[in-house]
Chemist: 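Dropping a structure here in structure tokens format, bear with me for questions.
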Amino acid sequence: QVQLVESGGGLVQAGGSLRLSCAASGRTFNNYAVGWFRQAPGKERHFVATITSSDLYIYYADSVLGRFTISRDNAKNTVYLQMNSLKPEDTAVYYCAAGVVVYTRDLQSWGKYDYWGQGTQVTVSS
């Protein structure tokens, strides 16, 4: 079992920055892919970014490419999402997820991740 806890969300003005953290406890998640997903009210959950073990693969959604950066510190069992140039449309609950995702084509599919955090709210005001 892996327990994930997100932190770092909050209210920020458009153009601002936030850094989300996803801290894992339980089994080490060095061998897991860790992804960030977000869900706005009344909308489906969408892929944001993912990073595999050893940083072998990193992918971003087109909507955040160039503005968000995902990174991991395995020594701290933590994955980060640095979010810059935030826009009102980035407003959502952000979830981190971990899993042993075998195929790279599945890394952007939330259903392929086994463990989820409780989410952290990010609100970007215009």
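Please read these numbers as outputs of a predicted model, since none were measured by experiment.
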Chemist: Linking directly or through intermediates, with side-chain heavy atoms under 4.5 Å: list the remaining ILVMFWY members grouped with V102, chain and number order.
Modeler: Y103
Chemist: Should the pair W116 and F37 be assigned to parallel (<30°), tilted (30 to 60°) or perpendicular (>60°) ring geometry?
Modeler: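 It falls in the tilted class, 30° to 60°.
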Chemist: Below 4.5 Å, heavy atoms only, C-beta onward: do I70 and I58 meet side chain to side chain?
Modeler: yes
Chemist: Does L81 reach the side chain of R19, with side-chain heavy atoms less than 4.5 Å apart?
Modeler: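 Of all side-chain heavy-atom pairs linking R19 with L81, none is under 4.5 Å.
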Chemist: Which donor-acceptor pairs under 3.5 Å do the side chains of residues 40-50 make with protein atoms, sequence neighbours left out?
Modeler:
| from | atom 1 | to | atom 2 | distance (Å) |
| --- | --- | --- | --- | --- |
| R45 | NE | Q39 | OE1 | 3.4 |
| R45 | NH2 | Q39 | OE1 | 3.4 |
| T50 | OG1 | V34 | O | 3.2 |
| T50 | OG1 | Y113 | OH | 2.8 |

Chemist: Does the side chain of V122 come within less than 4.5 Å of L11's, by heavy atoms?
Modeler: no
Chemist: Is there a chain of hydrophobic side chains (I, L, V, M, F, W, Y, each step under 4.5 Å between heavy atoms) that links W36 to L56?
Modeler: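 Cluster IDs for W36 and L56 differ.
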Chemist: Are side-chain heavy atoms of V124 and Q13 found at a separation under 4.5 Å?
Modeler: no
Chemist: Could you check if a side-chain atom of S53 sits within less than 4.5 angstrom of a side-chain atom of N30, using non-hydrogen atoms only?
Modeler: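 No, their side chains stay 4.5 Å or more apart.
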Chemist: Please tell me whether V101 and V2 are part of a single hydrophobic cluster in this structure, the criterion being side-chain heavy atoms less than 4.5 Å apart.
Modeler: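 No; V2 is not reachable from V101 via cluster members.
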Chemist: With a 4.5 Å limit on heavy-atom distance, are the side chains of C22 and Y80 in contact?
Modeler: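 Not touching, per the 4.5 Å side-chain cut-off.
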Chemist: How about Y57 and I51: do any of their side-chain heavy atoms sit closer than 4.5 Å?
Modeler: no
Chemist: Quick check on the hydrophobic clustering: are V64 and V79 connected, directly or via other members, by side-chain heavy-atom contacts under 4.5 Å?
Modeler: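 Yes, because V64 and V79 connect within a single hydrophobic cluster, where side-chain heavy atoms sit under 4.5 Å apart.
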Chemist: Can you confirm whether T120 sits close enough to V93 that some side-chain heavy atom of one is under 4.5 Å from a side-chain heavy atom of the other?
Modeler: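 They are not in side-chain contact.
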Chemist: Output every pair passing side chain to side chain donor-acceptor pair (under 3.5 Å) with a member in residues 82-101, not counting sequence neighbours, ordered by first then second residue.
Modeler: S17-N84, R38-D90, R38-Y94, R67-D90, Q82-N84
